[in-house]
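To keep things clear, I will list the structure first and then write my remarks on it.
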There are 2 protein chains.
Amino acid sequence: MKIDFWFEFGSTYSYPAAMRIENLAKQRGLEVSWHPFLLGPIFREQGWDDSPFNIYPVMGRYMWRDVQRVCEACKIPFRRPSRFPRNGLLAARVACQFSSAPWIPDFVRSVYLANFSEDRDISTPDTVSSCLSELVAEPDSVIGEAQSLAAKNRLRKQTERAVEEGIFGAPSFLVGRELFWGNDRLEAALSWAERHGA
Amino acid sequence: MKIDFWFEFGSTYSYPAAMRIENLAKQRGLEVSWHPFLLGPIFREQGWDDSPFNIYPVMGRYMWRDVQRVCEACKIPFRRPSRFPRNGLLAARVACQFSSAPWIPDFVRSVYLANFSEDRDISTPDTVSSCLSELVAEPDSVIGEAQSLAAKNRLRKQTERAVEEGIFGAPSFLVGRELFWGNDRLEAALSWAERHGA
């Protein structure tokens, strides 16, 4: 039985979900399938050229406070990034191209911690390389492959598939075709997977 | 210790919150203060002339499925209304004008059930009157008073206060100045009230 985890590295609420999902899934005997995608193209189709949390500042103010509370409750470190949203394109290409590699869960968490706990610029090859450094023998060759045309197309197709699945935000969870949106739906999605199989 | 419950009768996620809050608060020795308000003026300030669930149909499709699941999990009856959002102006004026009356919690739940379980038109005096019929001796005089200039101003001011408190959606919960948004934050808001007093 498995749960598909759809995430965007720039998304605040994807961060606690990414930190929590593997342990919670293991406790229930479920497998996690990691699906990085990009929210930018999806937001642009809605007419948004920025995160809705920036477009609607009242909602944005609330979100920062809420994420802080959520992270405290889950005992996850959190520091509000000096820039939001950060560009997760390169990290997403790495995670998409190598999505079945055994080091992917650690890599994903490392990038999220860099963004939302260490306030580092995750858009640069330097940061992505340092997130890979303890996980793979040759970070630069991984980054090189992630910048190939094949890898770029792979992430583009993954984002198109997100749209086909009805995904409009992150994090999202799919159990078969059943969609759950938001870090606060992670437990419900896992329970659904347990009850309905997938 | 108390929790302020801010709700809009047309709002889907306010429905399970309205059905759940009194019992959950009682279990923790907390008092609920009932604050009906209108989302319409708040949405219009964001540039929306309709519910965002109608403006963004992909999000709307998800919401209907999610609300159904949420209601099932809480064992609350749910039938998708044939019209959304319904106009809760009159019901909100009643609930605002008589917000401290002992029958308010029952009235609020009755209006929500009419909208989201019985698919009735809650905008009409007939429906509002029937929701009052078992709670007050003279429903028509309650409805009459709710349509007075004083009652209209009271609801208008309450909606202005919502904006001042940083409220941008419903349901919202305030514990002192600490804001929580969404039915899925009800438990967190109650725990906050327990820990921090209010």
Side-chain angles (χ1 to χ4, degrees), chain A residues 6 13 16-17 39 41-48 52-74 162-193 195-196, chain B residues 6 13 16-17 39 41-48 52-74 162-193 195-196:
Chain A
W6 291 77
Y13 287 108
L39 275 177
I42 293 176
F43 285 170
R44 274 193 290 279
E45 293 236 336
Q46 313 267 29
W48 301 334
F53 294 123
N54 290 336
I55 296 174
Y56 304 107
V58 176
M59 197 181 287
R61 258 195 304 282
Y62 171 78
M63 179 277 286
W64 289 114
R65 175 65 180 141
D66 188 55
V67 166
Q68 185 189 15
R69 284 189 312 230
V70 166
C71 288
E72 275 172 20
C74 307
V163 172
E164 287 161 20
E165 295 283 1
I167 290 172
F168 53 88
S172 289
F173 314 99
L174 272 172
V175 181
R177 303 299 300 269
E178 192 75 16
L179 178 62
F180 297 83
W181 172 50
N183 171 64
D184 42 36
R185 291 297 186 277
L186 173 53
E187 281 79 358
L190 291 165
S191 297
W192 190 275
R195 274 177 301 155
H196 296 83
Chain B
W6 291 78
Y13 287 108
L39 275 177
I42 293 176
F43 284 169
R44 274 193 291 278
E45 294 237 334
Q46 313 266 32
W48 300 332
F53 294 124
N54 290 337
I55 296 174
Y56 304 108
V58 176
M59 197 181 287
R61 256 195 305 281
Y62 171 79
M63 179 276 286
W64 289 114
R65 176 65 180 142
D66 188 55
V67 166
Q68 184 190 16
R69 284 189 312 230
V70 166
C71 289
E72 276 173 20
C74 306
V163 173
E164 286 161 21
E165 295 283 1
I167 290 172
F168 53 88
S172 289
F173 313 98
L174 272 173
V175 181
R177 304 298 303 268
E178 192 75 18
L179 176 64
F180 297 83
W181 171 50
N183 170 64
D184 42 37
R185 291 296 186 278
L186 173 53
E187 282 79 0
L190 292 164
S191 297
W192 190 274
R195 273 175 301 154
H196 297 82

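Here is how names work: the chains are called A, B, and so on, in the same order as the sequence lines, proteins then strands, and each is numbered from 1. These numbers come from the heavy atoms of this one structure, side chains and all, not from hydrogens, waters or symmetry mates. Keep in mind the model is a prediction, meaning the values are calculated, not measured.
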Checklist outcome for this item: Okay, B:V163 and chain A: the region with an atom under 4.5 Å from a heavy atom over there is neither

Checklist entry - Considering only heavy atoms, which portion of B:R185 lies under 4.5 Å from any heavy atom of chain A: side chain, backbone, both, or neither? => result side chain

Rounded to the nearest 0.5 Å, what separation is found between the [atom1] atom of [X] and the [atom2] atom of [Y]?
| X | Y | atom1 | atom2 | value |
| --- | --- | --- | --- | --- |
| B:W181 | A:M59 | CH2 | CE | 5.0 Å |
| A:Y62 | B:L179 | OH | CG | 6.0 Å |
| B:E187 | A:D184 | CD | CG | 11.0 Å |

Checklist entry - Is it the case that more than 12 heavy atoms not belonging to A:R177 sit under 6.0 Å from its CZ atom? => result no

Checklist entry - Would the number of heavy atoms belonging to other residues, nucleotides or ligands and lying under 6.0 Å from CD of A:E45 be above 12? => result no

Checklist entry - Would you say the ring centroid of A:Y56 lies under 6.0 angstrom from that of B:F168? => result no

Next on the checklist: Taking the cut-offs as 6.0 angstrom to the six-membered ring centre and 45 degrees off its axis, would you call A:R65 and B:F180 a cation-pi pair?
Outcome noted: no

